[in-house]
Amino acid sequence: MRIAIAGGGLGGLTLARILHRHGIEAVVYEREVSRTARSQGGSLDLHPESGQRALADAGLAGRFRSEARPEGEEHRILDPAGRTLVHNTPPPGSFSGRPEIDRRALRDLLLDSLPADAVAWRHRLVAVTPRPGGGFGLTFDGGHRADCDVLVGADGARSAVRPLLTDAALSPVATLVELSIGDADRRHPDLAELVGPGNLWCIGASQILAAQRLGDGSIRVGISLPADDRHLDAFRSRRALLDLFDGWDRRLTALIEAGDGPPIPRRIEAMPTGTHWAHRPGVTLIGDAAHLMPPVGEGANQAMLDAAELAAELAGNPADPDAAIQAYEKAMFARVHPIAEMSARVQAMMLSPSAAEDIVRFFTRPTEPAPAD
C-alpha cells in the first residue's frame, strides 16, 4: 500500500508520523524547498481533546511539553481606550489547559520524528490522474511523477486534491493584515509589557487589533477586518492602517507603528459548513483541505485529530484501506460539522459592531454544572 500525502503542514506530518509508528510507510510531498523556506506564522494553542491527543498518538507528548509555553495562555481583551475588559491568567506552569506552541516549533518537532526520506521537498502537486487499475498518478511542478495506491490531501485551502471529491467553493470571511515586531523586550519594552506572554485583543466596532507573543520574544500583530471589495493593496500602507484606528489609544496603535516590515494583507476564506462528499476509493482529505474554517482556534487542532483518526483506521484495517477511509470520513463529517458552525459564529461575532460586548459575554459566561450521577 503506497500512501502519498500531499502537503507537509501539521496535519500531513502528524499523519505520516503516526503511520510510521505503526510500520506503515508514507511519502509527504511538500511544495516548499525546505523546512526553513518561509515563516510558519504565529503560535497556536493545542487542545487536550484534539491536538494534544494526536501528539500523544504520535508518541510526542513529552517533546511537546518541552517546547510548549503554558504562560502563553494568558489572554487580555481591551477596548479602543485601552481599558481591560477580560484578563485570563493560567496557573503558572500548568499544562492542564491549552498551552501555546509556535507553529515552527511544532512543525520541527514532527519533522524531526520522521525518517529523512519521508518528506519530498520541492514537490508541488499540480495534477492527479486516476489509474485504470486503481490508485493515482501524481504530477508535480517541474514534471516529476509518482504513483500511489492511497492519496491523502493535506494541502490546505487551495488543495489540488479536493476537486477529486467536491467542488465546494471558498468564500471570503475576513481580511487579515499581519506585521511582526522582533526582539520586543529590548527594542520595544512598553509593547512587550502591553502584550505580555500570551495574547492581546483590542476590540472595536467591526475591527480587531491583536498581538501575540512568540517563543523567540517577537510579537506577531494581526489586524482583522470584515471582508469587502477593497483591493489588498489598500492595506499595504502603515498610514492607511493607522487611519483605520483613528481615535484609539496610542499605546495600542503603537503596535502598528512598530512593525519591522511592510504590512502583509491576505483574505481569510472558509468552506461552507457541512461540506461533505461521496466516498471515492483511494482518496480522502484532512485539515483545511477537508473543512477550511475561520481561524478561531480549531483549524490546526482538527487537522491533527483528522490525521490521528485516519491513521488509526488505516493501521487497524491495512488490508482494506477503502473501508478505513470510509470509517474515517463518516466520523470526521459528524465531528467537524458543529465545530465549523461554531467557528463561523465566533468569526461573525468578533467582527460585528457589538463585538466587544458579545466577546466579553462569551468569555465570562458561567460554566455549566456537571450532570448529576
Side-chain angles (χ1 to χ4, degrees), residues 3-20 26 28-32 35 40-58 60-61 64 68 98 100-111 113-114 119 125 151-162 165-166 168 170 268-271 273 275-277 283-314 325 328-329 331-344 346-347:
I3 299 177
I5 302 169
L10 299 180
L13 294 175
T14 301
L15 176 60
R17 165 62 183 178
I18 299 176
L19 289 175
H20 177 68
V28 179
Y29 294 101
E30 169 54 44
R31 65 181 179 178
E32 294 176 10
R35 68 165 71 189
Q40 296 300 311
S43 70
L44 52 88
D45 57 331
L46 279 201
H47 304 179
E49 72 282 2
S50 49
Q52 290 188 50
R53 174 188 152 189
L55 285 181
D57 289 357
L60 298 172
F64 166 70
R98 299 174 171 183
E100 294 275 339
I101 185 170
D102 288 8
R103 285 179 175 269
R104 176 199 54 76
L106 181 54
R107 192 188 194 212
D108 283 348
L109 186 157
L110 289 163
L111 284 167
S113 73
L114 290 168
V119 179
L125 184 63
L151 173 61
V152 180
D155 47 346
R158 302 292 177 182
S159 171
V161 181
R162 186 192 296 129
L165 295 170
T166 175
L170 307 184
I268 300 299
E269 298 177 307
M271 291 171 64
T273 58
T275 296
H276 62 280
W277 54 85
V283 60
T284 193
L285 306 171
I286 66 173
D288 286 350
H291 43 67
L292 181 64
M293 309 176 201
V296 296
E298 287 289 350
N301 281 283
Q302 294 305 311
M304 295 174 70
L305 184 55
D306 288 349
E309 293 186 348
L310 176 58
E313 294 291 350
L314 289 169
I325 290 173
Y328 154 73
E329 289 176 340
M332 182 269 289
F333 292 145
R335 165 172 52 84
V336 165
H337 189 188
I339 294 172
E341 288 188 327
M342 178 276 295
S343 296
V346 171
Q347 175 70 33

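Taking the side chain as every heavy atom from C-beta outward, Ile286 and Tyr328 approach each other to under 4.5 Å. Looking at heavy atoms from C-beta onward, Trp277 lies out of side-chain contact with Arg162 at the 4.5 angstrom threshold. Here the side chains of Glu298 and His47 are in contact, with some heavy-atom distance below 4.5 Å. A 4.5 Å side-chain heavy-atom check between Thr14 and Asp306 finds every atom pair outside the cut-off. Between Glu313 and Ile325, every side-chain heavy-atom pair lies at or beyond the 4.5 Å cut-off. Using a 4.5 Å cut-off on side-chain heavy atoms (C-beta onward), Leu46 and Leu106 make contact. Met342 has its side chain out of reach of Met293: every pair of non-hydrogen atoms, C-beta onward, lies at least 4.5 Å apart. Residues Arg98 and Glu49 meet the side-chain proximity criterion, which asks for heavy atoms closer than 4.5 Å.
In plain terms, the two heavy atoms of Ala6 and Leu125 that are nearest each other are CB-CD2, 4.0 Å. Taking each heavy atom of Thr273 and Ala344 in turn, the nearest pair found is CG2-CB, 4.4 Å. Taking every heavy atom of both residues into account, Leu19 and Ala26 meet most closely at CD1-CB, 4.1 Å. Residues Ala307 and Gly11 share a closest heavy-atom pair of CB-O, 3.3 Å. The two residues Met332 and Ala290 make their nearest non-hydrogen contact at CE-CB, 4.2 Å. Across all non-hydrogen atoms, the minimal contact from Glu30 to Gly8 is OE1-N, 2.6 Å.
Distance check, rounded to the nearest 0.5 Å: CD of Glu329 to OG1 of Thr284 gives 3.5 Å. Between the CG atom in Leu170 and the CG atom in Asp288 there is a gap of 10.0 Å [rounded to 0.5 Å]. The CZ atom of Arg35 lies 4.5 Å from the CG atom of Asp108; values are rounded to the nearest 0.5 Å. Put simply, CD1 on Ile101 and CZ on Phe64 are 5.5 Å apart, with the number rounded to the nearest 0.5 Å. Atoms CG and CG, from Leu114 and Leu109 in turn, are 10.5 Å apart once rounded to the nearest 0.5 Å.
Shown here is His276, whose NE2 atom has no more than 12 heavy atoms of other residues, nucleotides or ligands within 6.0 Å.
Of the N and O atoms on the side chains of Ser43 and Glu100, at least one donor lies less than 3.5 Å from an acceptor on the other residue.
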- Message: The test is side chain to side chain contact (heavy atoms under 4.5 Å, CB included); show your working for Gln302 and Ser50 and say whether it passes.
- Response: CA-CA 6 Å; Gln302 294 305 311; Ser50 49; 4.1 Å; yes
- Item | side chain to side chain contact (heavy atoms under 4.5 Å, CB included) between Leu15 and Ile3, intermediate numbers included | CA-CA 11 Å; Leu15 176 60; Ile3 299 177; 5.6 Å; no
- How far apart are the C-alpha atoms of Arg103 and Leu44, what are their side-chain angles, what is the distance that settles it, and do they pass the side chain to side chain contact (heavy atoms under 4.5 Å, CB included) test? CA-CA 7 Å; Arg103 285 179 175 269; Leu44 52 88; 3.4 Å; yes
- Query: Checking side chain to side chain contact (heavy atoms under 4.5 Å, CB included) for the pair Leu110/Leu55: CA distance, chi angles, key distance, verdict?
  - Reply: CA-CA 9 Å; Leu110 289 163; Leu55 285 181; 4.2 Å; yes
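In this structure a side-chain-to-backbone donor-acceptor pair under 3.5 Å is missing from Ser159 to Asp155. A donor-acceptor pair under 3.5 Å links the side-chain atoms of Asn301 to the main chain of Gly51, judged by distance alone.
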